[in-house]
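Proteins get letters first, then strands, A, B, ... in listed order; numbering begins at 1 in each.
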Amino acid sequence: MSRPADLVQGTLDLLLLKILALQPQHGWAISQRLKQVSGDVLQVSDGSLYPSLHKLEQQGWIKAEWKPSENNRKAKFYSLTRLGRRHLEREAADWARLSSAISLVVQLPEA
Amino acid sequence: MSFGRWWYVLPLRLRSLFRRNAVEQELDDELRYHVERQIEVNLARGMTPSAARTAALSAMGSLEARKDECRDHRGVSLVDHTLRDLRHAIRLLRRSPVFTAVAIASLALGIGANAAFFQLIDHVHLRSLGVRSPQELAEVKVAGVRNFGVSDGFNSEITYPLWEQIRAHQQAFSGVFAWGRFNPLVGRGADARQVSALWASGDFFSVLGVQPARGRLLMSADDHRGCGATSVVVSHAFWQRYFGGRESAVGSPLVVLDQRFTVIGVTPPDFTGLEVGRTFDIVLPVCAAALWGTALDQKHYWWLTVMGRLEPGWDVETASDHVRTLSPALFEATVPSGYSAESTARYREFRLGVWSAARGVSFLREEYGRPLWLLFGMTGLVLLITCGNLATLMLARSRERAAEISVRVALGASRARIVSQLSLESLVVAVIGAVASVPVALAAGRGLVRFLSTSANPVYLELTGDWRVGAFSTAVALCTAVAFGVAPALRLSLTNPQDALRRASRGVAGLDSRSLLRRVLVVGQIAVSVLLVSSALVFARSVWNLANVKMGFQQDGILSIQFLDLLSAKVPPDERALFQQQLADEVRATPGVIAAAPSTHTPLNGASWSQAFRLIDTEGRRSSKFSYVGPDYFTTMEVALVAGRGIRTSDTASSQRVIVVNDAFVRTMLPGQDPLGQTLRTFAEPGYPETTYEIVGVVGDTMYATLRGGTPPIAFVPIAQHPNLRPWANVLARTNGSTAAITTALTQRIATLNPAITVKVGELRGQIRELITGDRLLAWLAGTMSALATALAAVGVYGLVAYLATLRRKEIGIRLSLGSSRGSVIGLMMRESGWLVGLGVAVGLPLAWLAMRGVAALVFGVSSAEAMPALAALLLAVVAGVSAGIPAWRASRLDPVSILRAD
């Protein structure tokens, strides 16, 4: 059973934080960016993006601001807070450790 | 959550709560922006407008569901739900105004009564004095039973010479002070009034840290031997009352007991002294006592309380050790003269100790401490029963809502949600009840204080609801909400939706667990009622005993007349006896007075005078009460003369010393002997040299100082033979006219004799009645509460039987139609409640017996305390029988045909 879209919640949070670390974005732009960077491997439905963003906002990792967007309409821009940046560093380091460990295990030669 | 996160999160949460519409609008805008951008992209890809829109929307999934998910992350859904439930609860309560009113009123009264007692207990027992760092204050007094010399009422623990020694030698305190109480006359002649005064040593105010409201307070410079009539400090209340709050009061003169003092300052309004339950009007430097006598030099006159502020690093134990070590030297330096060798040896053995004085001293605490806790417990129990009945009411209500609840359970509402919703309803009732209880508590508290306040012991307590009472009421309200709301709510939430729906539609029910809860409540109510009723019975019995104590003298129509301020009348000491007799003659000559006699002792006013003596030709040291009375004393008081003669006018200072003793004296001192003609010799005491008396008469036993004290041995000495009369006089008079008229006439007579003398008239019967104020209060309140408890229990039993009767309607119908007699139906219904009442009694009786043991110290002369619980149980069985009988009888009158046809 292969369900690449069925992302672990924590993974999506990490992705969102990383994208916002590059630059403040509004929801639509984040969804485009997600599709772009992860290709079709990670399919995040447009709908599930917003509850995740709201959760991150309520946790204090990101903050929101209404600003004119590239098409000159007001959009809600999210950006990383200081806490969020620290959180991202920790999570990214954890992720790197975990993934390298897993790939080590997966690459063990079979006897 | 860390503080840093709250920095970001808190504004968001607050915004979600209070700017709900704006937040919703933003959520809407945000999602719409996304959809619109997606539509634009889709259009650019060449889709038709409607296809572009459909595709964009379907990519989002259900928009409303997404919004809900977003809302869930706001972390305020709990608050949101609660607010919604709250509105629902209030709506439901408004729909049944009678239930709501009954519930709120009973809770307001119940919580109010509890809070009132809590407030009293808090003031009398718990709270510290309202001065700087009260926990550092400690009192120095003689450890153990002193019983030596002359004491001046409550908390008279130290003599002046001893105080000087303590002040000079102690090192445990950073500051010490002495204070005492007396009730002098202020003003002159007709304007004179008795006030409550404090003696205070120079450091009194500075050690306590009290700052003046006006002028200055007493300082150490004001207090030195030979200070004369100089400075007086007045209380804020007295300043307002006597001086009308005028600024010019400071510096103006104040006449105290014929001495002219100058007001130097006013104490702050929140300082009411160191005795909880009493306040003061004026404060005099303790050195001023020398103006009216020799109190400063009397080594046997205990009239002061010594307190101090402990040095840093010292506590009560170390300070106690310290003063104990000092004691031998201190007492050696202050040995009173004029006592026998045995007495002075005993004096040298005294040791001082230190006790915490953080809560001050309190006559009220010692007198009413235990009754207050007891009444507090009783009101708590009544509140508990009230909660039981409210729980039953809630259950009855929820039965009506069972269908609604089962629909909601069937639709998937969580149990927690249902419980919280139902509990909220009771919480609303409890909170409103608690708020309404505040005025009840204040009024009840003030009522209690007024009840306890007597002319002999006025009680002063400033009861203004504060946060402590508020916190208490809130806590009680929450507990009651749990007691009467949450339990039924939990019970109800267990309802099997299918059962409930079926039952609701058919109107039939089995014996479900809900009536089990009601049964438990009834058992509990009966048990508590047995406990309360037996206490009420025993207290009522005790009051009856106290009110009917055999006095041995006539108390009706007896007036106790005090002549104050004889000092200003300037009567030389050796003419005082004559002067007293003259005053008694004035009293006797007043219309309406039948007989009058001077006496050093007024029966049952709490004062006591004992002297030690030995019978001639024996060595044993014995002690008896000594009263000095005028010739007509026994006829005035109608004390029976048993043998020999009474006191005669011919018994004078120059004639043979004689005494008349009472029966108790003969029984204990001279058993089986003829007392007449026997002689006894007193031991010397200061002012009372050794004297030999011959017993010339025997009178009947009379009550002496207190109602509970019984009839001790008393020796009556002719007042003319008193070695050392004090400058005041007390005359007892038997009258047959109105007290007011006699008082007016007598005051006029005395004014023509000497205008400086003030007359104070009291009715002996009223004064004796006031002695049992606390007992009467206890009996009244216990009676009221047990009546309430019984009524509530009766309602509980009635409700249960009526409820069971509705449940078993059909069964009763069948039984009746099959030929059961109506009597057997009544029996059927009564049997069940009979068991419950029996169980309640079985639980209540042992509790009540335990309680009887607990209250034994508070009651007087109740020999049958053990029988009271049984009597209470019987009473409750009758009440419960009647309350069960009414609905049972009604059930038996049902028409079987109509019952069976109805189904």
Side-chain angles (χ1 to χ4, degrees), chain A residues 5-7 9 12-13 16-17 20 24-36 40 43-88 90, chain B residues 1-17 19 22-45 52-79:
Chain A
D6 201 10
L7 273 176
Q9 189 62 55
L12 178 57
D13 290 353
L16 292 175
L17 287 175
L20 289 174
Q25 297 274 24
H26 52 75
W28 158 262
I30 296 170
S31 77
Q32 297 307 307
R33 186 83 180 166
L34 258 179
K35 282 173 193 153
Q36 186 194 332
D40 280 336
Q43 287 182 4
V44 181
S45 83
D46 292 357
S48 63
L49 184 66
Y50 286 95
S52 295
L53 283 170
H54 280 241
K55 192 187 82 183
L56 292 175
E57 187 187 4
Q58 291 291 347
Q59 284 179 329
W61 307 138
I62 61 176
K63 58 181 188 238
E65 198 183 353
W66 287 84
K67 283 196 298 201
S69 68
E70 57 279 6
N71 65 357
N72 242 340
R73 265 190 291 156
K74 281 223 162 192
K76 194 178 179 187
F77 279 79
Y78 292 95
S79 60
L80 234 54
T81 64
R82 207 163 37 78
L83 281 174
R85 198 168 295 280
R86 236 185 289 148
H87 184 65
L88 172 63
R90 249 193 334 264
Chain B
M1 227 182 255
S2 73
F3 175 75
R5 256 165 85 183
W6 277 112
W7 176 260
Y8 297 106
V9 173
L10 194 63
L12 288 174
R13 295 272 156 98
L14 291 177
R15 207 157 168 263
S16 324
L17 268 183
R19 304 288 315 276
V23 172
E24 283 295 312
Q25 185 61 48
E26 281 177 15
L27 178 59
D28 232 38
D29 289 347
E30 186 180 18
L31 293 180
R32 187 180 308 126
Y33 180 83
H34 183 105
V35 172
E36 282 168 4
R37 287 296 294 265
Q38 190 62 48
I39 293 173
E40 283 168 23
V41 170
N42 289 352
L43 284 174
R45 284 188 192 146
R53 187 174 175 77
T54 314
L57 282 175
S58 75
M60 291 291 285
S62 156
L63 261 185
E64 283 310 313
R66 292 298 171 217
K67 283 187 189 172
D68 251 356
E69 284 174 44
C70 292
R71 284 182 198 123
D72 282 348
H73 288 302
R74 283 180 204 158
V76 292
S77 58
L78 183 69
V79 180

Can you tell me if Thr81(A) uses its side chain to pair, donor with acceptor, with the backbone of Gly60(A) under 3.5 Å? yes

For His26(A), which of Glu70(A), Lys76(A), Lys67(A) qualifies under side-chain hydrogen bond (donor to acceptor under 3.5 Å, both in side chains)? Glu70(A)

Quick check for you: among Glu36(B), Met60(B), Lys67(B), which has the greatest number of heavy-atom pairs under 4.5 Å with chain A? Met60(B)

For a quick check under 3.5 Å, do His54(A) and Gln59(A) share a side-chain donor-acceptor pair by atom type? no

Heavy-atom proximity to chain A below 4.5 Å, by part of Glu40(B): side chain

Contact part of Val35(B) toward chain A, heavy-atom cut-off under 4.5 Å: side chain, backbone, both or neither? neither

Rounded to the nearest 0.5 angstrom, the CD1-CG distance for Ile30(A) and Leu20(A) is 4.5 Å

Choice from Arg73(A), Arg82(A), Lys74(A) maximising heavy atom contacts with chain B below 4.5 Å: Arg73(A)

May I ask you to decide if the ring planes of His34(B) and Tyr50(A) are parallel, tilted or perpendicular, using 30° and 60° as cut-offs? perpendicular

Which portion of Glu57(A) sits near chain B, non-hydrogen atoms under 4.5 angstrom: both

